[in-house]
Amino acid sequence: MNMDSSRDGKPRFRLLAIDDDAGMHNLVDRHLDGVVAEIRHATLPEVGLKMAMEQDFDVILLGVDMPGMDGFQVCRHLKATRRTRFVPVIFLTGRDDPASIAYGLDLGAVDFLTKPTPPLELQARVRVALRQYDMVNHFIKNSHLDPLSGLLAAEQFEVNLKRALHRYERSQIPFCLLILDLDRFKHLNERYGFNAANEVLRRVGSVIHGGLRNNDLAHRLKEDRFGILLEDIFPEKAPEAANRLLDSVRRLKIPVGSEVLTVTMSAGLACVPSNDQKKLYDLAYQAMKQAKVKGRDRLGVAQQV
């Protein structure tokens, strides 16, 4: 079956076109009808961004030169938001200078097309982006792993936390919950762009995975937050294990263009005997927030530990 089509052979994807150029919208309607099931239009960047945040789209065509907010700014917002970060963005613009093309791709766009684009090429580029997005969605839905960090997906966190609590209640096997949060990640994303931020998440995920003990389970909970179950560990030993992970992240050297980035994390630690899943998470989370307040790049330990 064609991945661009549903079981009855009809196109099944939704496309959003954002540009103040009426010609672009006419082109999209004329040449992409039949490639996608539905086409929505926005002539103002702010309206298009709002539509993308409130509705589900499978591909976004985006102009660059628009009043108020340009296409690069729109793309940066899309890639910084969890709901839209993996939706493929294709720039369709009159610009053809290498600097604009490189900048758009660095922000996370999957393609950069210069008008006038031949209809057959436009159709092919959109189909390629849709197939790639479909494969990413299939991988995410059918895998327990977060595709970016390589750690366990957020959906597994509650399952594994509940399992660890049951194991403690049954066999008194101690464990601790460690919440890790990247410091100043929003600033890093805004300054260096989507690709650099993703590289940081990949490298941090790799370091966390490499620093785990055999029974530990690490999850990516949200964009820049991680949850680790330190299994079979006594509370007095847990801060040492947590600080080893923080130190490993500090030592990271991440090349971005001509710069080399270093990053830090703030962490919060809470241990059983709390047998309330939400309370244990809240204790670790609040300890992490206190670490932020005290200057970041440190471990906060819940009072019960």
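Values reported hereafter were calculated over all heavy atoms of this structure, with side chains retained and with hydrogens, waters and symmetry mates removed. All figures in this text were calculated on a predicted structure; none of them were measured in a lab.
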### Message
So, taking the atom named CG in Leu188 and the one named CG in Leu201, what distance separates them when rounded to the nearest 0.5 Å?
### Response
8.5 Å
#### Entry: Check: Phe72 ring centre within less than 6.0 Å of Phe91 ring centre
yes
### Message
Using the rule given for side-chain contact (heavy atoms from CB on, under 4.5 Å), can you reason through Val110 versus Val89, listing the C-alpha separation, both sets of side-chain angles and the distance that settles it, and then say yes or no?
### Response
CA-CA 6 Å; Val110 298; Val89 172; 6.0 Å; no
## Note on the structure
Here the gap from Thr117 atom OG1 to His31 atom NE2, rounded to the nearest 0.5 Å, amounts to 10.0 Å
## Note on the structure
Correct closest heavy-atom pair for Ala109 and Cys75 would be N-SG, 4.2 Å
### Message
Grouping I, L, V, M, F, W and Y whenever their side-chain heavy atoms are under 4.5 Å apart, do Leu221 and Val159 come out in a common cluster?
### Response
no
### Query
Can you find a heavy atom in the side chain of Arg127 that is under 4.5 Å from one in the side chain of Val35?
yes
## Note on the structure
One should read off an interatomic distance between Leu283 CG and Met288 CE, to the nearest 0.5 angstrom, of 13.0 Å
### Summary
Closest non-hydrogen atoms of Ala218 and Leu212, given as atom of the first, atom of the second and distance, are CB-CD1, 3.7 Å
### Message
Return the CG to CG distance between Leu246 and Leu178, rounded to the nearest 0.5 Å.
### Response
7.0 Å
### Message
Once rounded to the nearest 0.5 Å, what's the spacing between atom CG of Asn198 and atom CZ of Arg203?
### Response
13.5 Å
### Query
Do any pairs count as a salt bridge (charged side-chain N to carboxylate O under 4.0 Å, His left out) and have a residue in residues 14-24, sequence neighbours left out, and if so which ones?
Arg14-Glu38, Asp19-Lys115, Asp21-Lys115
### Query
Between Asp247 and Arg250, is the closest basic N to carboxylate O distance under 4.0 Å?
yes
### Message
Salt bridge or not between Glu46 and Lys50? Use side-chain N to carboxylate O under 4.0 Å.
### Response
no
### Message
The test is salt bridge (Lys or Arg N to Asp or Glu O under 4.0 Å); show your working for Glu158 and Lys162 and say whether it passes.
### Response
CA-CA 6 Å; Glu158 286 194 18; Lys162 189 177 294 184; 5.9 Å; no
### Message
Would the distance check show the side chain of Gln73 and the main-chain N or O of Asp70 forming a donor-acceptor pair, the cut-off being under 3.5 Å?
### Response
yes
### Message
Apply side-chain contact (heavy atoms from CB on, under 4.5 Å) to residues Phe112 and Ser100 and explain how you reach the verdict.
### Response
CA-CA 9 Å; Phe112 196 105; Ser100 293; 4.2 Å; yes
### Message
Checking Asp146 against His219: is there a side-chain donor and acceptor pair closer than 3.5 Å?
### Response
no
#### Entry: Side chain Ser206, main chain Arg202, donor-acceptor under 3.5 Å
no
### Thr84 side chain to Leu78 backbone, donor-acceptor under 3.5 Å
yes
### Query
Would Val47 and Leu16 show up in the same hydrophobic cluster when neighbours are defined by side-chain heavy atoms closer than 4.5 Å?
yes
### Query
What's the spacing between Ile173 CD1 and Asn215 CG if we round to 0.5 Å?
9.0 Å
### Summary
Closest non-hydrogen contact found for Leu145 with Leu152 is CD2-CD2, 4.1 Å
### Task
Name all residues meeting the side-chain hydrogen bond (donor to acceptor under 3.5 Å, both in side chains) criterion together with Thr264; count only those two or more places apart in sequence or in a different chain, and write none if there are none.
Asp183
### Message
Quick check against the 3.5 Å criterion: does Asn195 have a side-chain atom that pairs as donor or acceptor with the backbone of Leu105?
### Response
yes
### Task
In plain terms, say whether Glu231 and Arg213 are close enough for a salt bridge, that is, a side-chain N and a carboxylate O under 4.0 Å apart.
no
### Query
Can you tell if the side chain of Ile254 reaches within under 4.5 Å of the side chain of Val260, non-hydrogen atoms only?
no
### Query
Is the shortest heavy-atom distance from the side chain of Lys292 to the side chain of Arg298 under 4.5 Å?
no
### Message
For a 4.5 angstrom cut-off between non-hydrogen side-chain atoms, does Tyr281 reach Phe157?
### Response
yes
### Arg83 with Asp56: basic N within carboxylate O range, under 4.0 Å
yes
### Student check: side-chain heavy atoms of Phe175 and Val272 closer than 4.5 Å
yes
### Query
Between Ala302 and Ala270, which heavy-atom pair has the shortest distance, and what is it?
CB-CB, 4.0 Å
### Message
Could you tell me if the side chain of Val249 sits less than 4.5 Å from the side chain of Val263, heavy atoms only?
### Response
yes
### Task
Answer yes if Phe185 and Ile228 sit in the same cluster of Ile, Leu, Val, Met, Phe, Trp and Tyr residues linked by side chain heavy atoms under 4.5 Å apart, and no otherwise.
yes
### Task
Taking all heavy atoms of Phe194 and all of Leu107, pick out the closest pair and write down the distance.
CB-O, 2.9 Å
### Query
Looking at Glu223 and Arg85, what are the two nearest heavy atoms and their distance?
OE2-NH1, 2.9 Å
### Message
For Asn243, I'd like to know if atom CG has over 12 heavy atoms of other residues, nucleotides or ligands within 6.0 Å.
### Response
yes
### Query
Quick one: do Lys279 and Asp282 make a salt bridge, cutoff under 4.0 Å?
no
### Minimum side-chain heavy-atom gap Val204-Val200 below 4.5 Å
yes
### Query
Under 3.5 Å, is there a donor-acceptor pair linking the side chains of Tyr192 and Glu259?
yes
### Task
Just do the side-chain hydrogen bond (donor to acceptor under 3.5 Å, both in side chains) check on Gln172 and Arg167 with the steps written out, would you?
CA-CA 7 Å; Gln172 297 296 295; Arg167 190 183 302 118; over 6 Å; no
### Donor-acceptor contact below 3.5 Å, side chain Asp96 vs main chain Thr114
no
